[in-house]
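Have a look at the structure below, then the notes.
Per chain, numbering begins at 1; letters A, B, ... match sequence-line order.
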Number of protein chains: 2
Amino acid sequence: MITNKAKYALKALTILARHSKQQFSAQQIAEEGNIPHKFLETILSELKNRKLVVSRRGSSGGYVLAKDPDEITAGDVIRMMDGPIAPLLCASPTGYRRCEDCEDEELCAIRKMMMDSRKALSSVLDKRTLKDLAKFGR
Amino acid sequence: MITNKAKYALKALTILARHSKQQFSAQQIAEEGNIPHKFLETILSELKNRKLVVSRRGSSGGYVLAKDPDEITAGDVIRMMDGPIAPLLCASPTGYRRCEDCEDEELCAIRKMMMDSRKALSSVLDKRTLKDLAKFGR
DNA sequence: CCTTTATCCTATAGAATTAATAGGAATTTG
DNA sequence: CAAATTCCTATTAATTCTATAGGATAAAGG
């Protein structure tokens, strides 16, 4: 399960991708996505620090994608907001950490399964870009 | 990410699958799996209520799998302990719930992606049985 | 029977995470 | 200068997670 934060981030970025190049305020995004405005602000500020969006202050300010929509994947966004997508850290390439209860990782059947799970998940999330998300639906 | 509870449940059941038909106490499982004993007890009690294991009290008591190891999948166990495996409830067949912020599910690109993600995850977790887990590793 | 060894049951508690909200400072436009 | 906006720092309420505590209940073996 992903958090609301990650979901809202995906939603916000998809909205920005749909209005490519246009300056879009947090308020506008919040309305279009039914996202709590203040919560969205903190999310956008994080996306800004992570260089996914560029912001402009002042009236008629707002946010724009910092990259091409096809250069940002859903996996990138979810990892930024929620951390690794692997079901266990011992199966994560990006956030690896050994289980304390584990005696021999190489022989752990659960870990092996979770590495397969992560791979399966990645085969979707790391291939879907904002461009893909933006063009489906409305 | 799955919880420790789900991980311990998988571990415990895999241990039981390896010692098929043998009565195995919580204590023994805890030692073999490096699982906190008391925590494991509550997990086993839940697995018992859910009919995955059968218990016997008293000295020389313990737990045994209630079904054949190839009749219990990792997906079953994880869902019992942690709930749906889909990244969003709106994409879950087993725990479906609409997102409050969603205007039209059928047109939601994120939901569609999450349904693909769930499917990918399921293609691993719902195919791996305790038998598979038991025979890998030591 | 009595001791030992288990499961079983209920409650509790501390820590971490989640999902926001509050309030105002800083900046830009017109 | 006014209005609109991002930006920054805190705080909070709720929930979930990860256990632990303490004892009641039951079975087996001598």
Side-chain angles (χ1 to χ4, degrees), chain A residues 1-12 16 22-31 33-64 66 78 80-84 87-89 95 97 99-101, chain B residues 1-12 16 22-31 33-64 66 78 80-84 87-89 95 97 99-101:
Chain A
M1 294 271 289
I2 64 168
T3 61
N4 276 354
K5 195 172 154 204
K7 182 178 73 173
Y8 292 153
L10 281 171
K11 253 180 126 168
L16 287 180
Q22 287 172 62
Q23 204 72 215
F24 234 61
S25 74
Q27 193 59 248
Q28 290 175 294
I29 298 171
E31 271 164 31
N34 293 312
I35 304 171
H37 171 256
K38 271 297 199 179
F39 194 13
L40 178 62
E41 259 191 21
T42 68
I43 292 167
L44 286 168
S45 124
E46 198 168 334
L47 291 172
K48 191 211 153 181
N49 293 334
R50 304 301 222 99
K51 316 282 184 201
L52 286 203
V53 300
V54 166
S55 66
R56 236 181 54 198
R57 287 176 152 193
S59 79
S60 88
Y63 299 87
V64 183
I78 293 173
M80 275 178 200
M81 297 293 126
D82 287 358
L88 289 177
L89 290 186
R97 204 178 144 202
C99 289
E100 296 193 21
D101 55 305
Chain B
M1 293 272 288
I2 63 168
T3 62
N4 276 353
K5 196 172 154 204
K7 182 178 70 171
Y8 291 153
L10 281 172
K11 253 180 128 167
L16 287 180
Q22 286 172 63
Q23 206 70 216
F24 234 61
S25 73
Q27 193 59 247
Q28 290 175 294
I29 298 171
E31 272 164 31
N34 293 313
I35 305 170
H37 172 256
K38 272 298 199 178
F39 194 14
L40 178 62
E41 260 191 19
T42 69
I43 292 168
L44 286 168
S45 124
E46 198 169 334
L47 290 173
K48 190 210 152 178
N49 294 334
R50 303 302 221 98
K51 314 284 184 201
L52 286 204
V53 299
V54 166
S55 66
R56 235 181 55 198
R57 287 177 154 196
S59 80
S60 88
Y63 299 87
V64 184
I78 293 173
M80 275 179 200
M81 298 293 126
D82 287 358
L88 288 178
L89 289 186
R97 203 175 146 205
C99 290
E100 296 193 20
D101 54 304

Assign B:Ser45 to base, sugar-phosphate, or nothing according to its heavy-atom contacts below 4.0 angstrom with the strands shown. nothing
Under 4.0 Å, heavy atoms only, any strand: does B:Gln27 hit a base, just the sugar-phosphate, or nothing? nothing
On the nucleotide C:dA19, are OP1 or OP2 found under 4.0 Å from the side-chain N or O atoms that A:Tyr8 carries? no
Nearest heavy-atom neighbours spanning A:Lys7 and B:Leu88: CD-CD2, 3.9 Å
Distance in angstrom units between A:Ile43 CD1 and C:dA20 C1', rounded: 9 Å
Side chain of A:Ser59 (C-beta onward), nearest among C:dT29, C:dT4, D:dC17: C:dT29
OP1 or OP2 of C:dA20 less than 4.0 angstrom from a side-chain nitrogen or oxygen of A:Asn4, does that happen here? yes
Whole-Å distance separating the NZ atom of B:Lys5 from the C1' atom of D:dT16: 10 Å
Nearest listed nucleotide, side chain of B:Ala26, among C:dA20, D:dC7, C:dT7: C:dT7
Heavy-atom side-chain proximity of A:Leu52 to A:Glu46 below 4.5 angstrom: no
Among C:dT21, C:dA19, D:dA26, the one nearest A:Thr42 by side-chain distance: C:dT21
Scanning both residues in full, the closest heavy-atom pair of A:Ser25 with A:Gly61 reads CB-O, 4.2 Å
A:Lys38 side chain: which of C:dA20, C:dT21, C:dT28 is closest? C:dT21
Please report the distance, rounded to the nearest Å, between CZ in B:Phe39 and C1' in D:dA21. 15 Å
How long is the line joining CE of A:Met1 and C1' of D:dT16, in whole Å? 12 Å
From CG of A:Leu40 over to P of C:dT21, roughly how many Å is that when rounded to an integer? 11 Å
With a 4.0 Å cutoff (strictly under), does any side-chain N or O of A:Lys48 reach OP1 or OP2 of D:dT6? no
Nearest-neighbour nucleotide for the A:Ser60 side chain, C:dC8, C:dT29, D:dC7 considered: C:dT29
Contacts of A:Gly61 and A:Asn49 projected onto DNA chain D by closest heavy atom; the upstream (5') one is A:Gly61
Shortest non-hydrogen contact from B:Tyr8 toward B:Ile35: CG-CG2, 3.6 Å
Proximity to the side chain of B:Arg57 - top-ranked nucleotide from D:dT6, D:dT20, D:dT25: D:dT25
Once you round it to whole Å, what is the distance between C1' of C:dT5 and NE2 of B:His37? 11 Å
I want to check something: taking the side chain as every heavy atom from C-beta on, are B:Val64 and B:Arg56 in contact at a cut-off of under 4.5 Å? no
Please tell me which of the listed nucleotides, D:dT6, C:dT7, D:dA19, lies nearest to the side chain of B:Tyr63? C:dT7
CE (A:Met80) and NZ (A:Lys5) are apart, to the nearest 0.5 Å, by 11.5 Å
Proximity to the side chain of B:Ser25 - top-ranked nucleotide from C:dT28, C:dT7, C:dT18: C:dT7
Specify the separation, in whole Å, of atom CD of B:Gln23 and atom P of D:dG29. 12 Å
Rounded distance (Å) that lies between atom C1' of D:dT5 and atom CZ of A:Arg56: 11 Å
